*Asks:* 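Take a look at the following structure, please.
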Amino acid sequence: MKSGDVIQFSWKALSGYPTRTLLMILAMAIGVASVILLTALGEGARRFVTDEFTSLGTYLLIVLPGRSETTGGPPPLLGETPRDLTLEDALSLIRSSSIRRMAPITVGSAPVSWKHRDREVTVLGSTAELFEIRHLSMAQGRFIPAGDPSRGLAVCVMGYKLKKELFGNQSPLGEWVRIGDRRFRVIGVLAKKGQSLGLDMGDVVVVPVASAQALFNTSALFRILLQANGREAIPKAKKAVLATIRERHEGEDDVTVITQDALLSTFDRILVAMTLSVAGIAAISLSVAGILIMNVMLIAVSQRTTEIGLLKAIGARGTHILWLFLAESAILSLIGAGFGLILAFLGNWGLGHAFPKLSITAPIWALAAAVSVALLTGLVFGVLPARRAARLDPVQALSRR
Amino acid sequence: MLINDSAKLATAALSSQRMRSFLTALGIAVGIASVVLLTSIGEGIHKFVLSEFTQFGTNLIAVSPGKTTTAGISGAIISNVRPLSIDDALALGRSPKILGVVPFVQGNAPVEFGKHSRRTYVFGVGSQVPTVWQMKVGMGRFLPDDDPRTARAFAVLGSTVKDELLGSVNPLGRRIRIGGERYRVIGVMESKGQMLGFDLDDAVYIPTQRALAMFDRESLMEIDMIYGGDSNVDDIVKNVKALLMDRHGAEDFTITTQEQMLDVLGSVLNILTLAVGALGGISLLVGGVGILTIMTISVNERRAEIGLLRAIGAGRGQILSLFIGEAVVLSSIGGLAGLMIGAGGAWLLGAVVPALPTHTPWLYVVLAEILAALIGLMAGVLPAHRAANLDPIEALRAE
């Protein structure tokens, strides 16, 4: 038999029973669609997190004070140490040739007040370079001016949310606000950027690092953000930081350096694992659809006994019959997968409209995997009925009626 | 027709087509099994996380500096202009119904003994840690009840630090250096193990005032309090708030109760369990489509039988209930099998991988079984309706 004939024959057999064929296609389509949709969701989440990390800055290194002995555990996040990481430490790091930019950061919380309004916000002490490193953008005015970082100017830059709460629709530029017990002149407002990894950049006020240190009466830095010269320079920069700090801290290794890549790859691994397991769970439904196909094909074999007997009587071999039935289940699962794809695309489109922030597109490998798994289940579950059909004795099969 | 007869007819119909019934039930069984297994894992993780958090006791209240409206680490914990002081903690300790108070500050410092040195967490705490955090001292005793403002230089070691630093040497009475300052070891904590990836034993405990001095800080990071089990949380929170407002003049602190935290955590974990269960439910849906398909086929095959039943006087309702009953029995059997596979799988998984906690929530199990029967009912309605509407004459002629 030619392959064209096989397909035509199977197609006729399938379209002879439209209800059951449609139902089987529906079952397969649900399975394929759920696999693709869930993978697309997982991919969307992964891409969202990756973007979030890249928006933090590029070629970023973060220096934290303190170090814990066990590797792999969480780094000392709150970072109180007997020996502070100071502004001088930070300034010494910039001398390394593999480091392009440096921004020291102190963090604290203080009430910001203007006239009668008062709001407790996070105060970030930093320098002009933070603007470049964190890819910030301004809505109004300008960022903290460059200059000697150890001199604390009485200027501040507000997040958009803080500005709205304190000033409403008025322009805050040039106004004096009180932060803690000091006065600062507002010189700029940050553009809306949304949450970035826990810290809401809308609800902060940025002041020069020396002013923040004076405000909180501390000489310690909370973090140092560094931008390396390029991707290759990151390990070199890390080594340089550790060496410089060791020298300055009398031979003690008391800082932790986190590279953005390491952080990113950790998150990436977790999210890929999650996507795969969710897709795997959805794939269970494919096996249920496979069982259904097997069941219906078994019924079809017993219903079409005479037909098979006739085929055998006019010279069809066992393998021919086998192929006929296998082709039938393959066609079923392929059509099912096709409808599943359409369903998944519709679902993706709907989800994309519901959550415009997540870019939901199924990766090509997921499409290919879902379709091929569907085809495979169809074939695997089709083997048993097909073999049963192939083994039928033509005489008995024909004599039944 | 008696119910007994209907049941007999349905089971006879099912058992005459054994392979077909088995495969249909198998489809449902796979669906139910995956729902049960997945919710078991979800519920197990839920229980595990909650027990991790409640190991410090459930009647806890924490006060941290800074007024925060959203969750997450507030900048105020790192530095602030309105510190939370040891005196605040002392005042809270004197207020009614508070059984114990721990003024808390943490940092990272090298601990040295002889030639060995290890960087580890340093917790500045008060003497009441064993009651408030429900921790046990394994050897020696915990920090004494000194005046917190002039506490003596005593240290208590976590078990990991003791093992790494002193090995088999008896630690009690030894002098160690923490961040360059000299301390005398007066106790070792019992091992508490990991909590969510965080080694609780890799820490040393020193008096709060000394930790504040070592880290050159004014403000505590947190004040933890424990209250009696019989008192009302809201009253205590109100008292604490009033007292601190009196002392500070404004609300520049945040009060978190363990109950709130557990509530938030519990609801997040519930959603997780539900979502995972719903993922398993996709398979159940496909299984339902399977029943629908098979019932449709079987109605087609048994037209003659239906015609005969109608001819000898069976009503439409009877035919309807007969076929629906068949579908429900099919899916219930599948559901039961799925339950056994799922619960057994969960138990096996828990036994083989002890790190992965599983707990089969019986509520979900019952729900899943009811769901299976419901799916059978819904999948049965359409074919049964078709069967009931057959014209008996037409149906009989089909043979």
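Chain A is the first sequence line, chain B the second, and so forth, proteins listed ahead of strands; every chain is numbered from 1. A quick note: this is a predicted structure, and the numbers were derived from the prediction, not measured.
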*Asks:* Examine whether an atom of Leu38(A) lies under 4.5 Å from a heavy atom of chain B, and if so say whether it belongs to the side chain, the backbone or both; otherwise answer neither.
*Replies:* side chain
*Asks:* First locate atom CG of Asn300(B), then atom CZ of Arg20(A), and finally report the distance between them rounded to the nearest 0.5 Å.
*Replies:* 7.5 Å
*Asks:* Chain B heavy atoms under 4.5 Å from Asp253(A): which part of the residue, side chain, backbone, both or neither?
*Replies:* backbone
*Asks:* Which pair of non-hydrogen atoms, one from Pro82(A) and one from Gly179(B), has the smallest distance, and what is that distance?
*Replies:* CG-CA, 3.8 Å
*Asks:* Need one label for Leu292(B): side chain, backbone, both or neither, based on atoms under 4.5 Å from any heavy atom in chain A.
*Replies:* both
*Asks:* Check whether Leu384(A) gets within reach of chain B through its side chain, its backbone, both or neither, counting any heavy atom under 4.5 Å.
*Replies:* side chain
*Asks:* Heavy-atom distance under 4.5 Å to chain B: side chain of Leu292(A), backbone, both or neither?
*Replies:* side chain
*Asks:* So, Asn108(B) side chain and Arg67(A) main chain: donor-acceptor pair closer than 3.5 Å or not?
*Replies:* yes
*Asks:* Is it the case that the side chains of Asn295(A) and Thr24(B) hold a donor-acceptor pair, with the cut-off being a distance below 3.5 Å and no angle test?
*Replies:* yes
*Asks:* Between CE of Met19(B) and OG of Ser302(A), what distance do you get to the nearest 0.5 Å?
*Replies:* 11.0 Å
*Asks:* Please look at Leu279(B) and chain A and tell me whether the side chain, the backbone, both or neither of the residue comes under 4.5 angstrom of a heavy atom of that chain.
*Replies:* both
*Asks:* Side chain, backbone, both or neither: which part of Pro110(B) has a non-hydrogen atom closer than 4.5 Å to chain A?
*Replies:* side chain
*Asks:* Quick check on Ile282(B) against chain A: is it the side chain, the backbone, both or neither that has a heavy atom closer than 4.5 Å?
*Replies:* both
*Asks:* For Ser283(B), does its backbone N or O pair with a side-chain atom of Ser285(A) as donor and acceptor, under 3.5 Å?
*Replies:* no
*Asks:* Quick one: of Ile297(B), Ile178(B), Leu284(B), who has the most non-hydrogen atom pairs under 4.5 Å with chain A?
*Replies:* Ile297(B)
*Asks:* Looking at Glu181(B), I'd like to know if its CD atom is crowded, meaning that more than 12 non-hydrogen atoms belonging to other residues, nucleotides or ligands lie closer than 6.0 Å.
*Replies:* yes
*Asks:* I'd like to know whether CG of Leu382(B) has more than 12 heavy-atom contacts from other residues, nucleotides or ligands below 6.0 angstrom.
*Replies:* no
*Asks:* Enter the distance from Glu252(A):CD to Arg119(B):CZ here, rounded to the nearest 0.5 Å.
*Replies:* 5.5 Å
*Asks:* For Arg388(A), does the CZ atom sit with more than 12 other heavy atoms under 6.0 Å from it, leaving out its own atoms?
*Replies:* no
*Asks:* Looking at Asp254(A), Val123(A), Val296(A), which one has more heavy-atom pairs under 4.5 Å with chain B than the rest?
*Replies:* Asp254(A)
*Asks:* For chain B, find which of Arg83(A), Gln303(A), Met24(A), Met28(A) contributes the most heavy-atom pairs closer than 4.5 angstrom.
*Replies:* Gln303(A)
*Asks:* Measure distances from Gln17(B) to the heavy atoms of chain A and classify the residue's part below 4.5 Å as side chain, backbone, both or neither.
*Replies:* neither
*Asks:* Got more than 12 heavy atoms from elsewhere within 6.0 Å of CG, Asn217(A)?
*Replies:* no
*Asks:* Check Val288(A), Leu26(A), Ile291(A) against Val286(B) for a side-chain contact (heavy atoms from CB on, under 4.5 Å) and give me the one that passes.
*Replies:* Val288(A)
*Asks:* Using side-chain heavy atoms (C-beta onward) and a distance below 4.5 Å, is Thr218(A) in contact with Asp216(B)?
*Replies:* no
*Asks:* Within a radius of less than 6.0 Å around CZ of Arg387(A), do more than 12 heavy atoms belonging to other residues, nucleotides or ligands occur?
*Replies:* no
*Asks:* Assess the residue pair Val30(B) and Ser287(A) against the criterion (side-chain contact (heavy atoms from CB on, under 4.5 Å)); give the C-alpha distance rounded to whole Å, side-chain angles, the decisive distance to 0.1 Å, and a yes or no.
*Replies:* CA-CA 9 Å; Val30(B) 170; Ser287(A) 73; 4.2 Å; yes
*Asks:* Using 0.5 Å steps for rounding, measure from the CG atom of Leu23(B) to the CE atom of Met297(A).
*Replies:* 13.0 Å
*Asks:* Can you tell which part of Ile28(B) gets under 4.5 Å to a heavy atom of chain A, answering side chain, backbone, both or neither?
*Replies:* neither
*Asks:* Does His248(B), at its NE2 atom, have more than 12 non-hydrogen atoms belonging to other residues, nucleotides or ligands within less than 6.0 Å?
*Replies:* yes
*Asks:* Should Leu298(A) and Arg20(B) count as side-chain neighbours, where that means a heavy-atom distance under 4.5 Å?
*Replies:* no
*Asks:* Roughly how far, to the nearest 0.5 Å, is the CE atom of Met214(B) from the OG1 atom of Thr81(A)?
*Replies:* 11.0 Å
*Asks:* What part of Thr293(B) is in contact with chain A, defined as an atom under 4.5 angstrom from a non-hydrogen atom: side chain, backbone, both or neither?
*Replies:* both
*Asks:* Distance from Thr296(B) atom OG1 to Tyr17(A) atom OH, nearest 0.5 Å?
*Replies:* 13.5 Å
